[in-house]
Structure formats: structure tokens, C-alpha cells
Number of protein chains: 2
Amino acid sequence: MELSNKQITVIFKSLCDENRVQIFRILQNGELCACHLLEELHLSQPTLSHHMKVLCDSGLVVGRKEGKWMHYSISAEGAKIAVDCLKEITAVNESECKCCNK
Amino acid sequence: MELSNKQITVIFKSLCDENRVQIFRILQNGELCACHLLEELHLSQPTLSHHMKVLCDSGLVVGRKEGKWMHYSISAEGAKIAVDCLKEITAVNESECKCCNK
DNA sequence: CATACACATAGAAAAATGTCAATATGTTTT
DNA sequence: AAAACATATTGACATTTTTCTATGTGTATG
């Protein structure tokens, strides 16, 4: 997959703000439109819109437009990529034995 | 485990900065002291010290003091907690069927 | 014991991020 | 077509984060 350092920061920025973490908790119950998300968060509409953009940019959330509504949900594929990325970046190389290989 | 939103942000802040991601890449080759990390990064010594504090606070990195040196390494336990946390927060509830349970 | 070394902390400046009010855009309804 | 609605964008401000220089702390060494 070979993500750049920058791309990795974009993925995990989604989880660096308490309100965005809370949005994940709400979306765990299923797809929801922005106006319903707004009801459960103490945020202005533009602020929520900003957070949803950060979440969609990370790939962990996807938006689906339906008329004037935007429906947001957690992306299973995005989540898998993030988990794989986290595992990769925290894995320690075993191939460092000096006698057999580089 | 039941981590708070705040605790989750602390974990993933470790991966929200490109320099810190790069530090993970370097530590993947094994434990390293701060002065050697410094050689591979274009950062001042206090800035590196700051990033190492963020990383240790997240639990993904651990420091081991030996004389005047601090040796840093990736924490396998911390990584496991982070992966579990990421899986949990991105999991979608299945128990939402209206006919059988709440 | 004085000096050098490795790292941490304090304080300040700069950059990035979070927030809101106001406004714009696009869609539906009347 | 006008009005109402849902969401996005803009611009301003406050907070947080990143970064540095200067300095402090603890440890080893000459």
C-alpha cells in the first residue's frame, strides 16, 4: 500500500479531536444525515460540516448525497486500510540479524 | 477497555504529525536513543524531546533510561491497544434489528 | 570536582486547527 | 418563481500545536 507520512497523518487526524471521536460513536449505530448528527453534538452547523470534511478526507467516513441531505457512515474499507496502516507503522522489523541478512 | 474520547485522541495524536510518523519508521529497526534519532531528523533537540513525550504519552512508544541516555522503542502492547481501539471505534453495531432487540 | 554530555523544561514566536456568524449553493416545496 | 430547507464556504478569531533559543538537571569522565 505504501502510504506517505503525510497520508498517514490525514488518516489519523480523524481521531485527534474529541468531537470527531464522538461522531464515530454516533455513526456506529448506522448511517446518519448531518442534521441528525448536529442534534446530538454541541456544535454549530458549519463546525460539523468542517469535521465531516476532515473525516471524509481520512477515508474512514463516507458521505452519500441524497437530495438536499448528506448521509454519513463509517467506511469498512477505510477502517481496514487504517488498521492495516497502524499495524504496519507499529511493526518492528525482525530481519535485523547481522549474521544472515540485511 | 472503555477508553474516553479524550484518551483516544491522545493515542492517535501520535500519528498526526509527519515527523512523528517518521520516528515510527526509524524505530521499526529497533530501539534507539534520542541522540541517534536526532541524527536522522531535521529537528532541534528540544523539538525531538517534545515529540518523544507525545509518543510516550500515547503509549505507542516506551522510553528506557540508561545512564544519561534515553532509549526509545515501539511498544507492542501499546500498538495492540491502539489497533483494538481503532477497530472498536470504527465498528458498526449489528444489534439494531427493530424486531428482536434494541 | 570541574567539564562535557544527553536530555528535559521554560518561554516565546509561528503555524495549524477548531469554532462561530454570515453568506453562498443547491434542492425541494408551495 | 419564490420560499424554505440542508449543507458548504468564507472570513475572523481563539486555542492548540509545532518549533526554536536559552537554560536547567542529572550522569559520566578527565
Side-chain angles (χ1 to χ4, degrees), chain A residues 4-27 30-75, chain B residues 4-27 30-75:
Chain A
S4 69
N5 290 357
K6 176 66 182 171
Q7 289 174 309
I8 293 174
T9 65
V10 170
I11 292 174
F12 293 103
K13 271 203 174 84
S14 58
L15 291 162
C16 283
D17 176 272
E18 293 188 54
N19 284 314
R20 289 197 291 267
V21 173
Q22 188 59 33
I23 291 169
F24 275 101
R25 293 198 195 276
I26 296 169
L27 291 181
E31 189 184 64
L32 215 58
C33 73
C35 57
H36 285 134
L37 273 169
L38 192 55
E39 289 173 5
E40 307 205 31
L41 295 161
H42 302 154
L43 290 176
S44 69
Q45 180 269 319
T47 299
L48 175 61
S49 188
H50 161 73
H51 284 309
M52 297 321 293
K53 178 159 172 44
V54 173
L55 289 172
C56 289
D57 286 349
S58 80
L60 282 170
V61 169
V62 287
R64 181 174 65 81
K65 184 165 183 173
E66 191 178 314
K68 54 183 173 180
W69 291 277
M70 275 298 294
H71 297 262
Y72 293 104
S73 56
I74 295 173
S75 165
Chain B
S4 70
N5 290 358
K6 176 66 182 171
Q7 289 174 310
I8 292 175
T9 66
V10 170
I11 292 174
F12 292 104
K13 270 203 174 85
S14 59
L15 290 162
C16 282
D17 176 273
E18 292 188 53
N19 284 314
R20 290 197 289 266
V21 174
Q22 188 59 33
I23 291 168
F24 275 102
R25 293 198 195 276
I26 296 169
L27 290 181
E31 189 185 63
L32 215 58
C33 71
C35 57
H36 286 133
L37 273 169
L38 192 55
E39 289 173 5
E40 307 205 31
L41 296 161
H42 302 154
L43 290 177
S44 69
Q45 179 269 318
T47 300
L48 176 61
S49 188
H50 160 73
H51 284 308
M52 298 320 294
K53 178 158 171 43
V54 173
L55 289 172
C56 290
D57 286 349
S58 79
L60 283 171
V61 169
V62 287
R64 180 173 67 80
K65 185 164 181 172
E66 190 178 316
K68 53 183 173 180
W69 289 278
M70 275 298 294
H71 297 262
Y72 292 104
S73 56
I74 295 173
S75 164

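Every heavy atom of this structure was used, including side-chain atoms; hydrogens, water molecules and symmetry mates were not. Throughout, protein chains are lettered first and strands after them, A, B, ... in sequence-line order, and every chain is numbered starting at 1.
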Relative to the 5' end of DNA chain C, which residue comes earlier, A:Glu66 or A:Arg20, by the nucleotide with the nearest heavy atom?
A:Arg20
Output yes when a side-chain donor or acceptor of B:Arg20 lies under 3.5 Å from a complementary backbone atom of B:Lys13, and no otherwise.
yes
Nearest-Å distance, NE2 (A:His36) to C1' (D:dA6)?
11 Å
Measure across A:Glu18 and B:Asn5 and return the closest heavy-atom pair with its distance rounded to 0.1 Å.
O-ND2, 3.7 Å
d(CE, A:Met70; P, D:dC5) in whole Å:
21 Å
Return no unless some side-chain N or O of B:Ser44 is found under 4.0 Å from OP1 or OP2 of D:dT19.
no
Which heavy atom in B:Cys56 sits nearest to a heavy atom in B:Gly63, and how many Å separate them?
SG-N, 4.1 Å
For A:Leu41 and C:dC20, what is the distance between atoms CG and P respectively, to the nearest whole Å?
11 Å
For atom NZ of B:Lys68 and atom C1' of C:dT3, their distance in whole Å
11 Å
Within less than 4.0 Å of OP1 or OP2 of D:dT19, is there a side-chain N or O belonging to B:His51?
yes
Nearest whole angstrom, please: distance from the C1' of C:dC20 to the CG of A:Asn19.
13 Å
Gap between atoms CH2 and C1', on A:Trp69 and D:dA8 respectively (whole Å)
17 Å
Can you tell me how far P of C:dA8 sits from CG of B:Leu43, to the nearest Å?
14 Å
Spell out yes or no: do the side chain of A:Gln45 and the base of D:dA6 have one donor N/O and one acceptor N/O closer than 3.5 Å?
no
So A:Cys33, base contact, sugar-phosphate only, or nothing? Heavy-atom distance under 4.0 Å.
sugar-phosphate
Quick one: does A:Leu15's side chain get under 4.5 Å of B:Ile11's, heavy atoms only?
no
Let's see if you can work this out: which of D:dA8, D:dT18, C:dA10 has an atom nearest to the side-chain heavy atoms of B:Pro46?
C:dA10
Using OP1 and OP2 only, check whether a side-chain N or O of B:Thr47 sits under 4.0 Å from D:dT18.
no
Go through C:dT27, D:dG26, D:dT21 for me and flag the one nearest to the A:Lys65 side chain.
C:dT27
Please give, in whole Å, the distance from C:dA15 C1' to A:Lys13 NZ?
12 Å
From the candidates C:dT19, C:dA6, D:dT19, the one with an atom nearest any side-chain atom of B:Cys35 is C:dA6
Which nucleotide in the list C:dA8, C:dC7, D:dT7 gets nearest to the side chain of B:Ala34?
C:dC7
Closest non-hydrogen atom pair, A:Leu48 against A:Ala34
CD2-O, 3.4 Å
